[in-house]
Amino acid sequence: LSQIVTWYVMDVPTNTNLRNALPTLSRFVAYDISLTQDTKDTNPLVRGLALRTLSSIQTRNTFQALLGPLQRAFFDKDPYVRKICTISVAKLHAFDPLLAEKNGFVENLHGMILDDNPTVVTGAAAALFDIAERSTTMELRINYSVASKLVEDTLRCSVWGQTYILEILMFYVPRTSQEAEYLAERACLLLRQSNPSVVLTAVKFVLYLMNYIAGAEHHEVLCRRMSPMLVHLLNSPSEIQYSALRMILLIVQRRPLVLRDNVSSLFCKFNDPFYIKNTKLDLICRLTHEDNANEVLAELKECVVPGRC
């Protein structure tokens, strides 16, 4: 019964028919001891659900009642509760950044990315990325030891976690070429993923690190390692394929070695939508050079024949 009531309470902020009851409900949650006591329950599922409920009712009363439970949740022995804690901090910061920072919650999030549990690390990374995107003052403080731990954690995380960890790793500035090379090598392992979001984010991270890697040879190796996975994305559904093509279009303007030897993978298919064909032709023109000029001309001749392209 308690869980059913909790799910009902969580639905109130998103339900237009119930939204008028939100102020009364927030006062009830803040002053009713039995609801806040659930954050001390022996069952971690109940503790986590109580935190989710309190953070979902975004009013000042409920967030004031949430401060104590959040302080305890950072040090909870159960990883599920700690993960819910990270998400709750992001909600609190979105509602009142000053309150979150004054109570040291953002500082605690930085410590939670060093947690041993990959789900907690994922939650902390997602919360920090969300806060950093909205905040104009907060800076993510990541040193090399933290960055190297996070890049290793990506191999243990879900695809959702891998994407968020790679995003916050782009706040790290390598101090030496060797640091950047190590992180790029580890990130290249994620290029084998089947999830397009992970592959595209990994490519973006490797391209970012290439700005700090010395040596044209190493750049060429990394470009060649990225090319096959970008080609693989061109076999995806049209929406994903178009996103990949637009990203490739940006990449080749800075790193023309990417797909330099794979221009044939961009040749148009008869059933490609017009917007994909148009983007492919733009890319083909940018990637044409003396060695593949004849192959490209043959493809362009096919494209002008009605019904062939």
Side-chain angles (χ1 to χ4, degrees), residues 159 162-163 166-167 169-170 174 177-178 180-309:
V159 292
Q162 289 170 342
T163 302
L166 288 171
E167 289 284 3
L169 277 171
M170 278 182 272
S177 178
Q178 288 72 26
E181 286 174 21
Y182 172 77
L183 294 175
E185 286 296 325
R186 304 308 294 173
C188 281
L189 297 177
L190 297 175
L191 294 174
R192 305 170 189 170
Q193 279 279 5
S194 58
N195 185 282
S197 176
V198 176
V199 174
L200 289 175
T201 311
V203 167
K204 187 165 69 169
F205 180 50
V206 172
L207 289 167
Y208 164 73
L209 291 172
M210 286 173 68
N211 295 319
Y212 301 94
I213 295 175
E217 290 182 4
H218 205 99
H219 286 189
E220 186 174 350
V221 169
L222 289 173
C223 287
R224 291 186 185 279
R225 291 182 69 176
M226 288 187 285
S227 296
M229 301 317 301
L230 289 172
V231 169
H232 180 70
L233 290 177
L234 300 182
N235 298 319
S236 305
S238 299
E239 295 79 6
I240 296 173
Q241 190 179 156
Y242 182 68
S243 298
L245 286 168
R246 297 305 300 182
M247 184 170 177
I248 293 169
L249 193 56
L250 293 173
I251 291 170
V252 297
Q253 293 178 41
R254 179 70 187 273
R255 303 290 179 186
L257 288 176
V258 177
L259 292 183
R260 178 181 171 84
D261 299 325
N262 300 89
V263 69
S264 60
S265 63
L266 296 168
F267 289 171
C268 299
K269 300 175 184 176
F270 75 95
N271 58 346
D272 280 339
F274 170 76
Y275 58 91
I276 287 182
K277 289 179 181 177
N278 197 36
T279 310
K280 281 184 173 181
L281 288 172
D282 192 358
L283 273 168
I284 288 170
C285 292
R286 292 177 183 273
L287 292 171
T288 301
H289 50 82
E290 187 177 348
D291 295 336
N292 63 16
N294 291 332
E295 187 180 15
V296 170
L297 281 173
E299 167 64 11
L300 294 177
K301 287 178 183 178
E302 291 288 325
C303 286
V304 299
V305 177
R308 297 294 297 274
C309 187

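Nothing fancy with the numbering, it's 1 onward along the sequence.
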Minimum heavy-atom distance [X]-[Y], with the two atoms named:
X: Ala187; Y: Val206; answer: CB-CG2, 4.0 Å
X: Met226; Y: Val258; answer: CE-CG2, 4.2 Å
X: Cys223; Y: Met210; answer: SG-CE, 3.8 Å
X: Ile284; Y: Phe267; answer: CD1-CD2, 3.8 Å
X: Leu191; Y: Met229; answer: O-CE, 2.8 Å
X: Ala214; Y: Ser177; answer: N-OG, 3.0 Å

Determine yes or no for a side-chain-to-main-chain donor-acceptor pair under 3.5 angstrom, with [X] supplying the side chain and [Y] the backbone.
X: Asn292; Y: Leu287; value: yes
X: Ser227; Y: Leu259; value: yes
X: Asn262; Y: Ser265; value: no
X: Thr279; Y: Leu245; value: no

message: I'd like to know whether Leu257 forms a side-chain contact (heavy atoms from CB on, under 4.5 Å) with Arg224, so could you lay out the CA-CA distance, the side-chain angles of the two residues, the decisive distance to 0.1 Å, and finally the verdict.
response: CA-CA 8 Å; Leu257 288 176; Arg224 291 186 185 279; 5.9 Å; no
Sub-4.5 Å side-chain heavy-atom contact between Tyr275 and Ser238: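 Counting from C-beta outward, Tyr275 and Ser238 do come under 4.5 Å.
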Heavy-atom check, side chain of Leu207 versus side chain of Arg254, under 4.5 Å: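 No, side chains not in contact.
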- request: Describe, in one word, how the ring planes of Phe205 and Tyr208 are oriented to each other, choosing from parallel (under 30°), tilted (30 to 60°) and perpendicular (over 60°).
  value: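 Phe205 vs Tyr208 ring planes: parallel.
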- request: For the pair Val263 and Glu295, evaluate side-chain contact (heavy atoms from CB on, under 4.5 Å) and give the outcome as yes or no after the intermediate values.
  value: CA-CA 9 Å; Val263 69; Glu295 187 180 15; 4.2 Å; yes
- request: Evaluate whether atom CD of Glu217 has more than 12 neighbouring non-hydrogen atoms of other residues, nucleotides or ligands under 6.0 angstrom away.
  value: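 For Glu217, atom CD is not crowded (no more than 12 foreign heavy atoms under 6.0 Å).
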field: Whether over 12 other heavy atoms sit under 6.0 Å from His232 NE2
entry: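 It does not: His232 NE2 has 12 such atoms or fewer within range.
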Say you draw a straight line from [atom1] of [X] to [atom2] of [Y]; how long is it, rounded to the nearest 0.5 Å?
X: Lys269; Y: Lys280; atom1: NZ; atom2: NZ; value: 5.5 Å
X: Leu209; Y: Lys204; atom1: CG; atom2: NZ; value: 12.5 Å
X: Leu281; Y: Ile276; atom1: CG; atom2: CD1; value: 12.0 Å
X: Leu297; Y: Thr288; atom1: CG; atom2: OG1; value: 8.0 Å
X: Arg286; Y: Gln253; atom1: CZ; atom2: CD; value: 4.5 Å
X: Ile213; Y: His218; atom1: CD1; atom2: NE2; value: 4.5 Å

- request: Apply side-chain contact (heavy atoms from CB on, under 4.5 Å) to Ile248 and Leu233, showing your working.
  value: CA-CA 11 Å; Ile248 293 169; Leu233 290 177; over 6 Å; no
